[in-house]
Amino acid sequence: QTSTMTSNLTTTDHHRITQTGITPLSTTDAHNLLDTILRTRQPLAIPAHLNLSHLRTTTGALPPLFTSLAPTRRTTAPTSTAAATSSELQRQLATQNETEQHHTLLTLVRTHAGTTLGHANPAQLNPHHPFQQLGFDSLTAIELRNRLTTTTGLRLPATLIFDHPTPTALAQHLHERLVPNGGKQSEFPENEEEIRRALSSISISTLREAGLIDALMRLARGATEAGSSPTRQDQTQAIETASVDDLVRIALSGNDS
């Protein structure tokens, strides 16, 4: 009930409290419970009404006290559920183009933000408005972070919505984390053997035209023993045995030694 103590509680605050499994009390019930505590002199008694059915179906970590009060809840379910949820999200993003991926992640952010704030329709949240303007504070920021961590499987900081202050910005950040390089495959091979085959297929004339012969020859000289006069065979062997990192570094550095 509205009072001096509770007058500043918003609808969001009430929603967050009920989501923890604590049911609001009337003033009369609260007074009666407090009187009972004072009469029994139990030092750790708490005047509260708990929704145990809600606690048994809650996903995520519960305080140890609540877990003991709702023992039928399986403690392994949140982990497996979270893993399945994040895997499903990854599979969904893998089948979409970049525009669809952004839409999926923005919808995800708005849905969890709306649930956190107690909105029945997440579409009411303007994706370009700052989270703080939408009604988020430090507590609801943590709750949203926790929800997105469970859904995406990413390690997200407590400052998530302050680092990325709008739903659009946050969706963009999640896209960068979940779909590196926009989901595009590099046009260059990553396997060392493939790179070696690609380099060996380049003709000497092409290397010379690209200005890479001198750089490769310097690399070959550096790979031979100090003070020895390298032969063409030594130089060829040095190039063949050089690591891919060395070849690429020297080749890209042009005339730099």
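Count residues from 1 along the sequence. Quick caveat, the model's predicted, so the values are computed rather than measured.
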| query | Do Glu88 and Gln92 have side-chain N/O donor and acceptor atoms under 3.5 Å apart? | reply | no
Checklist entry - Under the side chain to side chain donor-acceptor pair (under 3.5 Å) criterion, do Thr107 and Thr104 qualify, and how do the steps go? => result CA-CA 5 Å; Thr107 300; Thr104 295; over 6 Å; no
Residues at least two apart in sequence or cross-chain that pass side chain to side chain donor-acceptor pair (under 3.5 Å) with Thr99, listed by chain then number, are none
- Donor-acceptor contact below 3.5 Å, side chain Thr166 vs main chain Ala169: yes
Keeping Ser203 on the side-chain end and Thr206 on the backbone end, is there a donor-acceptor pair under 3.5 Å? yes
| query | Are Val179 and Leu89 connected in the hydrophobic side-chain network, where two residues link if heavy atoms are under 4.5 Å apart? | reply | yes
Heavy-atom side-chain contact between Leu93 and Leu105 under 4.5 Å
yes
Hits for side-chain contact (heavy atoms from CB on, under 4.5 Å) against Pro47, two or more places apart or cross-chain, chain-then-number order -> Leu33, Ile37
- Query: Would you say the side-chain atoms of Arg110 pair up with the backbone N or O of Pro127, donor to acceptor, closer than 3.5 Å?
  - Reply: no
Are the side chains of Glu143 and His112 in contact, using a 4.5 Å heavy-atom criterion? no
Is a side-chain N or O of Thr40 found less than 3.5 angstrom from the main chain of Thr36, in a donor-acceptor match? yes
message: When you group the ILVMFWY residues by side-chain heavy-atom contacts below 4.5 Å and let the links chain together, are Leu125 and Phe162 in the same group?
response: yes
Given the options Ile161, Asp163, Leu148, Leu144, Leu156 meets side-chain contact (heavy atoms from CB on, under 4.5 Å) only with Leu148
With a cut-off of 3.5 Å and sequence neighbours excluded, list every side-chain donor-acceptor pair involving residues 130-139.
unit_1: Asp137; atom_1: OD1; unit_2: Leu139; atom_2: N; d: 3.1
unit_1: Asp137; atom_1: OD1; unit_2: Thr140; atom_2: N; d: 2.9
unit_1: Asp137; atom_1: OD1; unit_2: Thr140; atom_2: OG1; d: 2.8

Legend entry - Check: His164 and Gln172 side chains under 4.5 Å, non-hydrogen atoms: no
